[in-house]
Amino acid sequence: MAVPKSRVTELRYDASKIELKWQKRWEEDELYKVRDTAAGQKWYELTMYPYPSGDLHIGHWYAMAPADAHARFKRMQGYNVLHPMGFDAFGLPAENAAIREGIHPRVRTMDNISNMRQQLRRMGTMYDWDREIVTCSPDYYRWNQWIFLQFYKNDLAYRAYAPANWCPKDNTVLANEQVVDGKCERCDSMVERRELNQWFFRVTKYADELLDHSQIQWPEKINTMQTNWIGRSEGVDVEFDISEYGLKEKVLTTFTTRIDTIYGVTFVVLAPEHPLVEILTTPENKEAVDNYIVQARRQSEVERLSTDKAKTGVYTGAYCINPLNGRRIPILVADYVLRTYGTGVVMAVPAHDERDFKFAKKYGLPIEIVVSPDEWNGEELSTAYTGEGVQVNSEQFDGLHNTESISKIADYIESKGWGRRNKAYRIRDWLISRQRYWGTPIPIVYCDSCGTVPVEEDDLPVTLPDDAEFKPTGESPLKLNECFWKTECPSCGGIAIRETDTMDTFVDSSWYQFRFTSSGYTKGIFDPDLVSTWSPVDQYTGGAEHAVMHLLYARFFTKALRDLGLLDFDEPFIRLFNQGHIIANHQKMSKSRGNVIAPDKYVRRVGADAVRCYLMFLGPWDRGGDWSDTGLNGMVRWINRVWDLASRDLKFLKDTSIDGKAVADLNRMKHKTIRRVVSDMEQFKFNTVLASLMEYSNELNMVLERKSVDVKSWTDAVEKLLILMAPITPHISEELWSQFGHETSIHLEKLPDWDPELSSDDVVTLVVQVNGRLRDRIEIPAESVTEEEAVKLAKESDKVIPHIRGKVIKREIYVPAKLVNIVI
RNA sequence: GCCGAAGUGGCGGAAUGGUAGACGCGGUGGUCUCAAAAACCAUUGGGAGUUAAAUCCCGUGUGAGUUCGAAUCUCACCUUCGGCACCA
């Protein structure tokens with residue numbers, strides 16, 4: 001295999017010197033200071049803030065540099081742009097490092113932030129650092145606590161004893177969204193089940209509204225993922241009679257989406273955690289059931305839900321009655337039924353449900369067909385039939401197609417009072433408790449006499465103690481810190497204990513987009529005027545991996561804050577764009593592969609502009625790209641050529657013979673380039689933006705060689721190139737702009753308009769086909785050719801004549817100013 | 001298993017019903033140089049053809065279809081990537 005020689009393109013200029021010079025100047029001039037009341041329509045463009053891991057890696061660059069270019073572009077279009085930056089500063093890695101190395105999470109996090117802040121400046125970004133948010137600052141997290149209190153008052157936050165996903169490595173519980181393939185999303189450990197008292201946010205209250213994506217322009221993929229995650233199913237709750245046991249509960253309610261199969265129910269299954277299990281189980285079955293429940297509890301969620309696992313279960317010894325046919329059927333317990341979905345009770349129809357079928361086969365339970373497959377002649381099924389068909393064995397509904405009977409049977413059940421239509425959701429409430437130190441303390445106090453008491457708003461923030469001990473005990477380090485947990489009850493003044501769990505860090509990022517509008521505000525979570533000036537975010541960018549976590553939670557918060565009267569709109573982010581992932585040498589970057597690209601190294605060598613350029617050039621932003629050092633060289637070469645073009649001594653044009661056509665052609669090319677660049681920038685098509693700019697600069701090179709245009713045309717052509725490049729390569733554009741004698745920053749320039757007339761070609765190529773095959777290309781003046789003329793030209797072509805000579809022409813197709821197709 | 005996206009030169013990619021391969025990388029030949037690197041110029045999908053050209057044929061994962069015309073639309077299949085996966 002040929003190994004490409006490592007060649008390094010030399011820069012014509014000192015990139016670091018120039019870039020640092022302008023970064024300093026921009027800061028002194030407060031060039032990027034955002035003014036709430038500046039002229040121009042507002043444009044709020046936000047990119048997902050980073051976790052302060054210590055170093056800005058190439059993935060951060062890939063997310064932020066193109067986003068910065070786009071925000072700069074909007075600014076040059078005349079918008080008043082807010083494009084802020086902050087740090088998602090709470091989280092497990094800092095605390096785990098503290099356990100390992102003994103460095104306090106705050107110290108380490110703040111160190112990392114100051115390093116990354118410098119790296120972000122070095123990238124040449126236009127962030128206004130006065131608006132920075134650092135979520136581990138009490139000025140920020142006190143508002144997490146404030147929101148928690150409002151949620152608590154409005155029944156959107158509640159505490160419950162429930163089984164939770166426990167990560168044994170991170171020593172904390174996780175939200176459902178943070179469990180991927182049964183493993184911890186962060187550290188890949190197998191998640192265990194633990195029953196604990198936990199705080200939840202009632203995201204399910206907004207399930208229906210969250211399904212509505214009509215007010216946002218997001219990638220269909222993300223909308224679908226959210227829709228699937230919420231997982232609304234419409235069906236019927238049906239009550240099976242258990243009155244024979246003389247209990248308080250007279251019925252067992254099941255949820256089904258296949259009410260058409262109700263006559264085929266041959267047994268009913270309860271989730272092992274269902275409270276009726278204990279009550280209904282007969283004495284002779286008690287031991288078996290108890291053993292089964294213990295066994296089911298021991299299993300992790302993954303083991304229990306594994307699709308390939310054989311289905312297991314036990315009889316309770318109890319029976320219930322199907323209200324439709326009066327049949328008495330057995331009640332079982334099986335762990336394939338989930339307590340948390342629907343009613344936690346399943347009416348099993350083995351003939352028409354894959355899971356029930358397997359279960360029935362294993363335990364020898366009857367299988368009764370009630371929806372007939374096509375051409376079915378009464379034989380037994382070898383697998384569950386889940387398709388459509390005609391009702392059989394269904395009393396008065398026999399003969400109906402099941403697509404009809406679904407609503408007929410539901411109506412019948414409702415009219416008889418045996419049940420009602422209902423919906424079930426896959427999404428669960430958001431578990432926000434974390435048994436960790438480095439997060440927002442939950443502002444709740446437990447008092448022996450008053451119970452659960454919220455901290456007074458005036459007493460916020462509940463701050464993290466600095467002297468916590470970090471030990472991996474499985475409980476919050478705050479539990480070991482007496483100064484923290486020992487407190488007075490806000491209600492009775494007696495001795496009370498603080499909640500020692502902290503909040504999931506996704507709470508921080510659920511509303512940070514609003515805090516950026518007034519990040520220093522002390523009288524509330526945000527300034528009500530400024531939040532409505534800037535919000536919602538017009539353009540959000542970030543990775544698709546947050547589809548059902550951050551993006552869903554942020555939408556939930558927006559709706560909840562709206563209902564609390566704090567916001568007057570429904571969605572946090574109007575447009576969303578997901579960038580892809582950057583890889584290296586066709587492989588995912590990882591330390592173990594040793595192919596991690598360290599941007600700082602390249603920035604030192606060729607400057608931030610070249611790196612920015614290359615990241616935007618290497619492929620469509622949403623599809624990601626493959627880093628290659630030689631590819632970067634190409635960008636360096638191009639920037640060098642632009643440098644040469646723009647720093648040419650104009651004397652070379654002074655005594656040229658001006659060619660009127662060359663001037664007109666250059667002007668045409670200029671307008672065409674402006675049009676293409678603006679339109680592609682708008683759509684985040686940075687790679688084709690750069691291709692257009694390269695074509696334009698190649699054209700300028702040709703003009704330069706021929707020296708055929710006047711000084712004024714040349715200067716304007718080059719200045720327009722610099723303006724179009726400014727969002728992408730902010731430093732070099734600024735430098736060359738000032739070399740042209742401009743006193744003010746290029747970043748204060750408006751993007752030039754293009755003339756629609758001039759931005760299209762005056763001469764077009766007429767393509768001539770015979771039977772759809774290319775035979776000739778004829779240069780014709782645009783727009784001035786009629787169909788007759790075009791066809792005539794085509795038929796007269798020397799290259800076409802041999803193909804049509806002596807043939808009968810069946811059809812002539814003409815696409816104006818583009819193509820003639822002669823069909824023979 | 002289900003849902004979704006994608007498959008184009010040696011490589012990254014452009015073109016979303018009308019000139020396939022823009023732009024860039026890499027390669028080849030040349031200029032400059034003692035030499036190299038850098039830079040610059042030319043060339044670069046495959047094949048047939050010719051002294052040279054003209055010209056022709058093939059070509060966008062595979063196979064069919066729609067159309068005057070398909071990388072683009074439709075169907076089936078293959079591969080890769082992403083998401084979901086006992087949710088009744």
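Order of the sequence lines fixes the chain letters, A, B, ..., with proteins taken first and strands second; residue numbering starts at 1 for each chain.
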_Distance in angstrom units between A/D680 CG and B/C23 P, rounded_ = 15 Å
Check nucleotides 9-15 of chain B against the protein and report each pair of N or O atoms closer than 3.5 Å, with its distance, or say if there are none.
| unit_1 | atom_1 | unit_2 | atom_2 | d |
| --- | --- | --- | --- | --- |
| B/G12 | O2' | A/L618 | O | 2.5 |
| B/A14 | OP1 | A/N687 | ND2 | 3.0 |

Every protein N/O lying under 3.5 Å from an N/O of nucleotides 19-21 of chain B:
| unit_1 | atom_1 | unit_2 | atom_2 | d |
| --- | --- | --- | --- | --- |
| B/U19 | O2 | A/R777 | NE | 3.2 |
| B/U19 | O2 | A/R777 | NH1 | 3.2 |

*Nucleotide paired to B/C77 in any strand shown, Watson-Crick or G-U, under 3.5 Å*: B/G61
_Side chain of A/E695 - closest among B/A22, B/A88, B/G26_ = B/A22
*Which base sits across from B/C25 as a Watson-Crick or G-U pair, both distances under 3.5 Å?*
B/G10
_Please give the distance between the P atoms of B/A38 and B/A52 as a whole number of Å._
33 Å
*For B/A53 versus B/G10, give the span between their C1' atoms, rounded off to a whole number of Å.*
29 Å
*Figure out the CG/C1' separation between A/N821 and B/A70, and round it to whole Å.*
13 Å
*Measure the distance from NZ on A/K818 to P on B/G69 and round it to the nearest whole Å.*
18 Å
Donor-acceptor contacts under 3.5 Å from residues 696-704 of chain A side chains, at least two apart:
| unit_1 | atom_1 | unit_2 | atom_2 | d |
| --- | --- | --- | --- | --- |
| A/Y696 | OH | A/A717 | O | 2.8 |
| A/S697 | OG | A/W638 | NE1 | 2.8 |
| A/S697 | OG | A/L693 | O | 3.4 |
| A/S697 | OG | A/M694 | O | 3.0 |
| A/N698 | ND2 | A/M694 | O | 3.4 |

Report all interatomic pairs (protein N or O, nucleotide N or O of nucleotides 40-48 of chain B) with separations under 3.5 Å.
none

*Whole-Å gap separating P (B/G69) and CZ (A/R811)*: 9 Å
*Could you tell me whether the side chain of A/K311 has a donor or acceptor atom within less than 3.5 Å of a complementary atom in the base of B/C86?*
yes
*Distance test, side-chain N/O of A/H803 to OP1/OP2 of B/C56, below 4.0 Å*: yes
*Pairs where residues 810-824 of chain A contributes a residue and the test side-chain hydrogen bond (donor to acceptor under 3.5 Å, both in side chains) is met, not counting sequence neighbours*: A/K795-A/E812
*Going by distance alone, is a donor N or O of one side chain under 3.5 Å from an acceptor N or O of the other, for A/R428 and A/T204?*
no
*If you look at every strand shown and take non-hydrogen atoms under 4.0 Å, does A/G231 touch a base, only sugar-phosphate, or nothing?*
nothing
_Pairing partner (Watson-Crick or G-U wobble, both distances under 3.5 angstrom) of B/A88_ = none
*What integer number of Å spans the C1' atoms of B/A64 and B/G46?*
25 Å
*Tell me, please, which residues at least two apart from A/M48 pass side chain to side chain contact (heavy atoms under 4.5 Å, CB included).*
A/Y512, A/Y540, A/H546, A/H550, A/L551
*Contact class for A/S233 vs. all strands (heavy atom < 4.0 Å): base, sugar-phosphate, or nothing?*
sugar-phosphate
*Which part of the nucleic acid, if any, lies within contact of A/N698, taking any heavy atom under 4.0 Å across all strands shown: a base, the sugar-phosphate backbone alone, or nothing?*
sugar-phosphate
*Could you label the plane-to-plane angle of the A/Y614 and A/W627 rings as parallel, tilted or perpendicular, counting under 30° as parallel and over 60° as perpendicular?*
perpendicular
*So what does A/K799 touch, heavy atoms closer than 4.0 Å: a base, only the sugar-phosphate, or nothing?*
sugar-phosphate
*Go through the structure and list residues passing side chain to side chain contact (heavy atoms under 4.5 Å, CB included) with A/P219, not counting sequence neighbours.*
A/I222, A/L576, A/N578
*Scan A/H581 against the nucleic acid and name what it touches under 4.0 Å (heavy atoms): base, sugar-phosphate only, or nothing.*
nothing
*With C1' as the reference atom in both, quote the distance from B/G83 to B/C77 in angstrom, rounded to an integer.*
23 Å
*Hey, which sits more toward the 5' end of RNA chain B by its nearest nucleotide, A/D356 or A/S692?*
A/S692
*A/R775 side chain N/O closer than 4.0 Å to the phosphate oxygens (OP1, OP2) of B/C56?*
yes
*A/R773 CZ to B/U55 P: how many Å, rounded?*
15 Å
*Using the C1' atom in both, what is the distance from B/A71 to B/U62, to the nearest Å?*
15 Å
*asked:* Checking understanding here: a glycosidic angle within 90° of 0 is syn, the rest anti, so what is B/G9?
replied: syn
*asked:* Please give the distance between the P atoms of B/C11 and B/G45 as a whole number of Å.
replied: 14 Å
*For A/P330, all residues meeting side chain to side chain contact (heavy atoms under 4.5 Å, CB included), sequence neighbours excluded*: A/F267, A/Y315, A/Y319, A/L332, A/L365
*Within this structure, what is the CG-to-C1' distance between A/N578 and B/G83, rounded to whole angstrom?*
13 Å
*asked:* When you compare the side chains of A/D776 and A/S797, does any donor N or O come within less than 3.5 Å of an acceptor on the partner?
replied: yes
*In whole Å, what is the span from the CG atom of A/N633 to the P atom of B/G26?*
7 Å
*Nearest-nucleotide pick for A/V823, side chain only, options being B/A88, B/G18, B/C68*: B/C68
*With sequence neighbours excluded, what pairs up with A/Y425 under the ring-ring contact (aromatic ring centres under 6.0 Å, His included) test?*
none
*asked:* Need to verify one output field. Residue with the more 5' nearest nucleotide on RNA chain B, A/V345 or A/S628?
replied: A/S628
_Under the salt bridge (Lys or Arg N to Asp or Glu O under 4.0 Å) definition, can you give me all pairs with a residue in residues 676-696 of chain A, not counting sequence neighbours?_
A/K74-A/E682, A/R676-A/E695
_Taking B/G21 as the reference, what is the distance to B/U55 when you measure between their P atoms (whole Å, please)?_
16 Å
*Mind checking the C1' distance from B/G12 to B/C3? Whole angstroms is fine.*
29 Å
*Using only heavy-atom distances, determine whether the side chains of A/E388 and A/T403 contain a donor-acceptor pair under 3.5 Å.*
no
*Separation of A/I804 atom CD1 from B/C68 atom C1', in whole Å?*
15 Å
*Is it the case that A/N322 and A/Y263 place a side-chain donor and acceptor less than 3.5 Å from each other?*
no
*Have A/T312 and A/Y292 got a donor and an acceptor in their side chains that come within less than 3.5 Å?*
yes
Residues 225-236 of chain A side chain polar contacts: donor-acceptor under 3.5 Å, at least two apart:
| unit_1 | atom_1 | unit_2 | atom_2 | d |
| --- | --- | --- | --- | --- |
| A/Q226 | OE1 | A/H213 | NE2 | 3.0 |
| A/Q226 | OE1 | A/R555 | NH1 | 2.7 |
| A/Q226 | NE2 | A/A547 | O | 2.9 |
| A/T227 | OG1 | A/N223 | O | 2.8 |
| A/N228 | ND2 | A/T224 | O | 3.4 |
| A/W229 | NE1 | A/E177 | OE2 | 3.1 |
| A/R232 | NH1 | A/D208 | OD1 | 2.3 |
| A/S233 | OG | A/Y341 | OH | 3.4 |

_Pair assignment for B/A52, Watson-Crick or G-U wobble, requiring both distances under 3.5 Å_ = none
*Could I get the full list of side chain to side chain contact (heavy atoms under 4.5 Å, CB included) partners for A/E779, not counting sequence neighbours?*
A/V763, A/T765
